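Everything below concerns the one structure shown next.
Since this is a predicted model, take the numbers as computed values, not measurements. Note that these values count all heavy atoms, side chains included, but never hydrogens, waters or copies made by symmetry.
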Amino acid sequence: MTFLPFTRPTIDEETIAAVGDVLRSGWITSGPKVKEFEAKLSEYCGGRPVRAFNSGTATMEVALRLAGIGPGDEVITTPLTWVASAGVILAVGGRPVLVDIDPVTRNIDLDLIEAAVTKKTKAILPVDLAGLPVDRDKLYAIATRHKLRVIEDAAQAFGSHWQGKRIGMLGDFVSFSFHANKNITTGEGGALVLPADIDPALAERLRFQGVTRHPDGGMDVDVLGGKFNLTDIAATIGLGQLKQLEAFTRRRCELALRYFENFDKLAITDLLLPLRDFRNSNWHMYQVLLPTAVDRGAFIAAMKARGIGIGVHYPALHLFSLFRHQGFKEGDFPQAERVGGQTVTLPLFPAMVEADVDRVSCTVADVLKSAA
Ligand SMILES: *Cc1c(COP(=O)(O)O)cnc(C)c1O
């Protein structure tokens with residue numbers, strides 16, 4: 001039986017051929033393909049300015065700098081996310097202020113945000129875990145009330161919607177990732193949707209060593225920039241992926257629906273399924289919470305022995321040494337700790353077939369039965 005990983009990118013032959021053309025063209029780093037990719041992303045986001053970066057992490061770091069976040073500033077985010085969400089706040093000298101999650105959505109609990117706002121709070125950095133969007137109406141009402149900027153970590157939400165509008169069309173800063181595991185990929189990469197008050201040229205300088213080139217061949221550097229530019233090789237993969245986005249998202253929804261149907265039939269006691277959202281989510285991941293009595297490590301090993309890859313997204317980040325050293329401790333965010341301790345990500349990617357979903361569902365049931 002072939003091994004089924006928890007995710008795998010789908011790259012079509014047309015894209016592979018287009019990458020070959022770029023490699024033969026003599027121009028492989030940032031150039032015309034990046035501009036074309038940015039134009040297509042901007043079109044996707046309703047005409048808002050978009051700039052591409054070489055990772056979602058770099059994208060968010062630049063967004064924080066553009067938002068004016070620096071030493072002493074507090075940024076509110078969730079403990080149940082990839083470490084980069086809080087890491088970038090530290091990287092610009094800010095202080096991550098964590099707020100527990102809502103156990104239903106597994107996203108930041110919006111009702112707990114206002115109690116965490118202080119005089120030093122500058123921004124909220126919400127995360128759309130598994131592609132399920134945070135309630136944008138409620139989020140922006142809070143941000144407006146407290147005059148906070150929002151940096152949407154929409155790394156997992158490319159293709160998701162809020163009230164019929166694509167994520168990226170609305171809001172303040174919106175950051176996407178095109179890491180190999182995301183719904184569309186450039187290998188590594190990211191993109192930032194910019195609000196109207198931010199100069200895209202500054203985003204470009206922060207992305208590339210702060211450089212402004214003059215027509216006479218000279219240049220100036222007026223700000224400390226990074227080395228965060230996307231290559232034309234990567235942008236070409238992204239252009240090919242964008243064409244498939246709708247088909248990818250549709251397929252993910254179909255497969256997620258089949259998981260629900262299977263698990264409803266199997267009726268496994270204490271297995272907690274994700275929120276059934278077929279209006280907004282792009283089904284970036286299908287995550288279930290294991291019964292408390294089940295040892296996750298043993299479950300993952302048993303699934304692997306039966307040829308199925310299982311992911312963990314994510315252990316609550318405040319329990320990592322880096323954050324414990326900042327004063328966070330066990331018990332600070334009980335919901336995030338509980339979900340982070342029991343969550344497993346089942347295989348879900350567009351190239352899967354129904355039989356794969358059925359095999360995973362039955363194997364989960366078998367493994368849990370033998371663990372009981
Ligand atoms: C993937 C991801 C990132 C980081 O993106 P990279 O492209 O890997 O740097 C940040 N936040 C979340 C929630 C992610 O899933």
Side-chain angles (χ1 to χ4, degrees), residues 1-10 80 82 101-107 128-133 156-157 159-160 180-184 244 246-315 338-372:
M1 200 178 285
T2 53
F3 186 79
L4 182 70
F6 78 84
T7 193
R8 192 170 66 206
T10 297
L80 196 73
W82 177 229
I101 58 157
D102 168 351
V104 175
T105 62
R106 304 170 190 167
N107 284 329
D128 305 312
L129 189 68
L132 179 72
Q156 302 182 4
S160 296
N181 285 357
K182 302 303 198 295
N183 282 28
I184 70 161
Q244 295 172 274
E246 256 182 64
F248 285 170
T249 309
R250 203 178 321 118
R251 189 66 190 139
R252 284 176 174 277
C253 285
E254 288 166 2
L255 296 168
L257 187 61
R258 193 165 183 98
Y259 269 126
F260 281 115
E261 289 168 355
N262 287 349
F263 286 129
D264 284 347
K265 272 184 235 150
L266 289 161
I268 307 164
T269 4
D270 296 337
L271 185 75
L272 279 176
L273 306 183
L275 189 71
R276 294 170 200 242
D277 182 324
F278 287 91
R279 243 165 56 89
N280 297 309
S281 181
N282 65 359
W283 292 101
H284 171 59
M285 294 190 279
Y286 190 90
Q287 302 178 297
V288 299
L289 306 191
L290 297 176
T292 20
V294 173
D295 179 81
R296 181 166 61 188
F299 173 83
I300 293 172
M303 292 296 288
K304 193 174 174 193
R306 289 162 173 80
I308 295 169
I310 297 292
V312 173
H313 307 90
Y314 301 90
R338 187 179 57 81
V339 173
Q342 290 166 250
T343 190
V344 289
T345 305
L346 305 183
L348 180 61
F349 54 89
M352 277 171 64
V353 295
E354 272 70 10
D356 292 323
V357 177
D358 298 350
R359 181 180 145 213
V360 175
S361 312
C362 293
T363 310
V364 167
D366 278 353
V367 168
L368 289 180
K369 206 181 294 160
S370 55

Worksheet item: Taking only residues two or more places apart in sequence, or in another chain, which ones meet Asp358 in a salt bridge (Lys or Arg N to Asp or Glu O under 4.0 Å)?
Response: Arg258
Worksheet entry | Trp283 side chain near Asn183 side chain, heavy-atom distance below 4.5 Å | no
Fill in: Separation between CG of Leu290 and OG1 of Thr343, rounded to the nearest 0.5 Å
8.0 Å
Fill in: Those residues that, when tested against Thr7, pass side chain to side chain contact (heavy atoms under 4.5 Å, CB included) (two or more places apart)
Asn181, Arg252, Phe349
Fill in: Nearest atoms (heavy-atom pairs only) where Gly309 meets Pro347
O-CG, 3.4 Å
Fill in: Non-hydrogen side-chain atoms of Arg306 and Val367 separated by less than 4.5 Å
yes
Worksheet item: What's the spacing between Glu261 CD and Leu266 CG if we round to 0.5 Å?
Response: 12.0 Å
Fill in: Partner residues of Gln342 under the side chain to side chain contact (heavy atoms under 4.5 Å, CB included) criterion, sequence neighbours left out
Leu289, Thr292, Arg338
Worksheet, complete the sentence: What one should report as the nearest heavy-atom pair of Ala130 and Ser281 is O-OG, 3.9 Å
Item to complete: Taking the side chain as every heavy atom from C-beta outward, state whether Pro350 and Gln244 have any atom pair closer than 4.5 Å.
Response: no
Worksheet item: Who passes side chain to side chain contact (heavy atoms under 4.5 Å, CB included) against Pro9, sequence neighbours left out?
Response: Ile11, Thr185
Item to complete: Could you list the residues that satisfy side chain to side chain contact (heavy atoms under 4.5 Å, CB included) with Asp102, not counting sequence neighbours?
Response: Val104, Thr105, Asp109
Worksheet item: Which residue pairs satisfy the salt bridge (Lys or Arg N to Asp or Glu O under 4.0 Å) criterion with at least one member in residues 275-294, sequence neighbours excluded?
Response: Asp264-Arg276
Worksheet entry | Asn282 backbone acceptor or donor facing Thr249 side chain under 3.5 Å | no
Worksheet, complete the sentence: d(Phe6 CZ, His313 NE2) to nearest 0.5 Å is 3.5 Å
Fill in: Shortest non-hydrogen contact from Asp128 toward Pro133
OD1-CA, 3.3 Å
Discussion item. I need the full list of side-chain hydrogen bond (donor to acceptor under 3.5 Å, both in side chains) pairs touching residues 362-372, with sequence neighbours left out, sorted by first then second residue.
Written reply: none
Fill in: From OH (Tyr286) to CG (Leu346), nearest 0.5 Å
7.5 Å
Worksheet item: Between atom CD1 of Ile101 and atom CG of Leu80, what is the distance when rounded to the nearest 0.5 Å?
Response: 5.0 Å
Fill in: Heavy-atom pair of closest approach, residues Phe248 and Thr10
CZ-O, 3.5 Å
Fill in: Non-neighbouring partners of Ser361 that pass side-chain hydrogen bond (donor to acceptor under 3.5 Å, both in side chains), sequence neighbours left out
Asn262
Practice prompt. Could you list all the salt bridge (Lys or Arg N to Asp or Glu O under 4.0 Å) pairs where at least one residue sits in residues 288-300, not counting sequence neighbours?
Written response: none
Practice prompt. Would you please name every residue forming a salt bridge (Lys or Arg N to Asp or Glu O under 4.0 Å) with Arg251, sequence neighbours left out?
Written response: Glu254, Glu354
Worksheet item: Please walk me through it: do Arg359 and Ile308 pass side chain to side chain contact (heavy atoms under 4.5 Å, CB included)?
Response: CA-CA 9 Å; Arg359 181 180 145 213; Ile308 295 169; 3.8 Å; yes
Worksheet item: What residues form a side-chain hydrogen bond (donor to acceptor under 3.5 Å, both in side chains) with Tyr314, not counting sequence neighbours?
Response: Gln156
Discussion item. To the closest 0.5 Å, what do you measure between CZ (Phe278) and CZ (Phe260)?
Written reply: 5.0 Å
Practice prompt. Indicate yes or no: at least one non-hydrogen side-chain atom of Pro291 is less than 4.5 angstrom from one of Leu271.
Written response: yes
Discussion item. Gln287: which residues meet the side-chain hydrogen bond (donor to acceptor under 3.5 Å, both in side chains) condition with it, sequence neighbours left out?
Written reply: Thr345
